[in-house]
Amino acid sequence: MADEATRRVVSEIPVLKTNAGPRDRELWVQRLKEEYQSLIRYVENNKNADNDWFRLESNKEGTRSRVPQFSSYEFPRWFGKCWYIHDLLKYEFDIEFDIPITYPTTAPEIAVPELDGKTAKMYRGGKICLTDHFKPLWARNVPKFGLAHLMALGLGPWLAVEIPDLIQKGVIQHKEKCNESSH
């Protein structure tokens, strides 16, 4: 179970009320408003606690990518950056995910493409492994959990475990160190 600090952080993230996904046209607009409000509050709380560690964005509808087998359905795409501070060095990564067709029943799968294949706790395409710990928690909290919860309880803990391990093993290096060694 989460530690007390994590419980406190999560308790300050507004829960969502609208049980709707992108297929539910009118209700999705309401859900999207709740998602943004929750994300904004979470980011503000993080900044106030000097723990700012990600940015997410999409266009008004959630940037679209069409999938052939669901030609009438377009997956809202989200993207951004996350960072992890280790030994006073900032390690920054691109992140991306699509909102699943069954959202919010199904949690999005976050990808960190540049780390693809660098850890066993990752699937093809750089999707981080959230199966054991996060997905059961998400399932118990539908529709209350949203993207802010995905970041706080999914990506955040994953970064906290995996990035120091990858640094210690020499699998990833700080970009400035990489630039210095290439001169």
Side-chain angles (χ1 to χ4, degrees), residues 2 6-49 51-84 92-114 116 122-131 133-159:
T6 303
R7 283 192 202 105
R8 185 182 43 72
V9 167
V10 172
S11 73
E12 295 173 359
I13 299 173
V15 294
L16 290 81
K17 295 172 180 66
T18 306
N19 191 1
R23 290 184 294 184
D24 307 308
R25 300 279 181 220
E26 291 78 31
L27 288 176
W28 175 242
V29 173
Q30 178 58 37
R31 173 73 185 207
L32 203 51
K33 286 179 188 176
E34 293 174 20
E35 293 281 4
Y36 278 117
Q37 290 168 344
S38 185
L39 278 165
I40 289 167
R41 172 75 63 79
Y42 180 47
V43 169
E44 287 173 349
N45 292 347
N46 284 344
K47 285 182 177 183
N48 291 337
N51 188 29
D52 189 28
W53 63 276
F54 75 91
R55 291 289 176 273
L56 276 181
E57 62 181 280
S58 72
N59 68 15
K60 187 176 165 187
E61 299 80 28
T63 302
R64 307 282 184 173
S65 60
R66 196 174 287 281
V67 176
Q69 64 267 37
F70 301 109
S71 59
S72 64
Y73 179 74
E74 296 174 335
F75 288 81
R77 181 174 267 300
W78 290 70
F79 52 93
K81 297 244 182 232
C82 68
W83 49 93
Y84 187 84
E92 188 171 278
F93 308 96
D94 290 331
I95 54 174
E96 61 186 39
F97 58 89
D98 292 326
I99 301 292
I101 196 167
T102 55
Y103 187 82
T105 302
T106 304
E109 294 180 322
I110 301 175
V112 186
E114 70 189 271
D116 188 14
M122 184 170 270
Y123 303 112
R124 188 174 12 187
K127 292 181 179 176
I128 67 172
C129 177
L130 298 174
T131 308
H133 305 288
F134 178 72
K135 288 192 177 180
L137 182 61
W138 179 279
R140 288 192 306 271
N141 287 281
V142 171
K144 296 181 288 185
F145 275 12
L147 301 180
H149 298 88
L150 174 70
M151 301 303 283
L153 296 167
L155 183 60
W158 188 90
L159 289 171

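- At least one donor-acceptor pair under 3.5 Å links the side chain of Ser38 to the backbone N or O of Pro14.
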TODO: Give the C-alpha distance, both sets of side-chain angles, the deciding distance and a yes or no for side-chain contact (heavy atoms from CB on, under 4.5 Å) between Phe134 and Leu150.
DONE: CA-CA 8 Å; Phe134 178 72; Leu150 174 70; 3.5 Å; yes
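- One finds the CZ atom of Arg41 at 10.5 Å from the CG atom of Asn48 (value rounded to the nearest 0.5 Å).
- Annotation for Leu27 and Ala20: closest pair CB-CB, 3.4 Å, computed over non-hydrogen atoms.
- The CG atom of Asn46 sits 6.0 Å away from the CZ atom of Phe54 when rounded to the nearest 0.5 Å.
- Rounding to the nearest 0.5 Å gives a distance of 4.5 Å between CZ of Arg23 and CD1 of Ile101.
- Between Trp78 and Tyr36, the ring planes are tilted. Angles from 30° to 60° get that label.
- Considering CG of Leu155 and CG of Leu147, their distance stands at 12.0 Å, rounded to 0.5 Å.
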TODO: Go through the steps to decide whether Glu57 and Phe79 satisfy the test side-chain contact (heavy atoms from CB on, under 4.5 Å), and finish with yes or no.
DONE: CA-CA 6 Å; Glu57 62 181 280; Phe79 52 93; 3.1 Å; yes
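- Under the 3.5 Å distance criterion, the side-chain polar atoms of Asp24 are matched with a main-chain donor or acceptor of Gly21.
- Proximity of a side-chain donor or acceptor of Asp52 to a complementary backbone N or O of Lys47 within less than 3.5 Å is not detected.
- Crowding of Lys135 atom NZ: a count of heavy atoms from other residues, nucleotides or ligands under 6.0 Å exceeding 12.
- The two residues Trp138 and Thr106 come nearest to each other via the heavy atoms NE1-C, 3.8 Å.
- Nearest heavy atoms, Cys82 versus Ile95: SG-CG2, 3.5 Å.
- Atom CZ of Arg55 has more than 12 heavy atoms from other residues, nucleotides or ligands within 6.0 Å.
- Between Val9 and Tyr42, some side-chain heavy-atom pair lies under the 4.5 Å cut-off.
- The minimum heavy-atom distance linking Met122 with Val112 is given by the pair CE-O, 4.0 Å.
- Across every non-hydrogen atom of Phe97 and Leu56, the tightest pair is CE2-CD2, 3.8 Å.
- Screening Glu35, Glu34, Arg31 for a side-chain hydrogen bond (donor to acceptor under 3.5 Å, both in side chains) with Thr18, the sole residue that qualifies is Glu34.
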Open item on the list: Determine whether His149 and Val10 satisfy the following criterion, side-chain contact (heavy atoms from CB on, under 4.5 Å), listing intermediate values before the conclusion.
Closed with: CA-CA 7 Å; His149 298 88; Val10 172; 4.1 Å; yes
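- Among all heavy-atom pairs drawn from Tyr103 and Pro22, the shortest one is CB-CD, 4.4 Å.
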Task: Worked verdict on Gln37 versus Leu16 for side-chain contact (heavy atoms from CB on, under 4.5 Å) - done: CA-CA 9 Å; Gln37 290 168 344; Leu16 290 81; over 6 Å; no
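- Ile110 has its side chain out of reach of Trp158: every pair of non-hydrogen atoms, C-beta onward, lies at least 4.5 Å apart.
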